[in-house]
Asker: 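Below is one structure. I have some questions about it.
When a ligand or atom number is given, it counts from 1 through the structure's own listing order.
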Amino acid sequence: MRVDLHTHSTASDGTLTPAELMLAAEAVGLDVIALCDHDTTGGWDEAAAALPAGLSLVRGAELSCSYSGRACRGAGLDGAISMHLLAYLFDRAEPALADERSRVRQSRLARGRLIVERLRADGVEVSWDEVLSDAAGGTVGRPHVARALLRRGYVADLDAAFGPDWVGTHGRYWAGKEETDARAAVGLVRAAGGVTVLAHPAAGKRGRTLGDEAIADLAAAGLSGLEVEHVDHTEADRRHLAGLAADLGLVTTGSSDFHGTNKTTRLGAHLTDPDAYGTLVAPATGCAVVTG
Ligand code: AMP
Ligand code: ZN
Ligand code: FE
Ligand code: FE
């Protein structure tokens, strides 16, 4: 059984539509795929309607959160650490969590516009209209700005756009967005019947990452798992996180974090152990896994 628990579609910053993503999942031999677009459930219905026979869909989202508190790796800087929380099988109609997703998406719009205004003020010819139309109603993110920079020839590839001279974290044209407090988010998802997994906990190239104490703190708040197998993790990261998960009684997952052509990782590049998958989803009551 092949289980990939973290993918993106055009409902956020992936390049395949939800329906195309389901067909791609079948083509690479997945049995289970989780759709985890940033701060939205906007792709759920199209994905469910397009499910090929035998493929199971775990409906989810990747929530933009920030953690403030306990010791964090990469000391020396104060303030909260931005992080991503994978939420699965929650009730999308539950109002507190739905309001929070909406608030973060609104903030992403304002922040995207601000980034474009700053670029334009420096003579960089990208327009907010083209960024917004590229996002096509999905959650707006830096990848959409990066794609505009690439189309206009300002950068050679998307990686360069995510460098310090452009929209990379704390780079020249970076701007922050509103995020949900991580402990609160874990509680909101649980209250909506879902379960949570900390996404790419050791992906240091995106900025500072949580230390073990902070992860233990989230575990105490009700976190269910750690995403261990991920393209941005070294072998040493994976060993460390697997040990930490064992200590804290957390499930470990593996996933591709597939974004279509916006990233180089292939669908199904990393997988979750079927037993770990079963343990993770068993307590969820917010919505069902749907099978085509
Ligand atoms: P945002 O959520 O708007 O802050 O944008 C961050 C998103 O950009 C991440 O979730 C990744 O999907 C994507 N990203 C980060 N670094 C890169 C990169 N080097 N190349 C392509 N996409 C990236
Ligand atoms: Zn993304
Ligand atoms: Fe992420
Ligand atoms: Fe992701």
Asker: May I have the step-by-step check of salt bridge (charged side-chain N to carboxylate O under 4.0 Å, His left out) for D39 and K177, ending in yes or no?
Answerer: CA-CA 12 Å; D39 305 305; K177 60 184 182 297; over 6 Å; no
Asker: Tell me which N, O or S atom from D257 is the closest to the Fe ion (ligand 4).
Answerer: OD1
Asker: Restricting to N/O/S atoms, is E62 within less than 2.8 Å of the Zn ion (ligand 2) or not?
Answerer: no
Asker: Which atoms form the tightest heavy-atom contact between V290 and L51, and what is the distance?
Answerer: O-CD1, 3.4 Å
Asker: Nearest 10°: the angle subtended at the Fe ion (ligand 3) by H84 ND1 and E62 OE2?
Answerer: 90°
Asker: Restricting to non-hydrogen atoms, name the atom on I33 and the atom on L267 that form the minimum distance, rounded to 0.1 Å.
Answerer: CD1-CD1, 4.2 Å
Asker: With respect to the Zn ion (ligand 2), please indicate if H8 possesses an N, O or S atom at a distance under 2.8 Å.
Answerer: no
Asker: To 10 degrees, how wide is the angle NE2 (H8) to the Fe ion (ligand 4) to NE2 (H6)?
Answerer: 100°
Asker: What about the rings of H38 and H8, do their centers lie closer together than 6.0 Å?
Answerer: yes
Asker: What angle sits at the Zn ion (ligand 2) between OD2 of D13 and NE2 of H259, to 10°?
Answerer: 110°
Asker: Run the salt-bridge test on E117 and R120 with the 4.0 Å N-O cut-off and return the result as yes or no.
Answerer: no
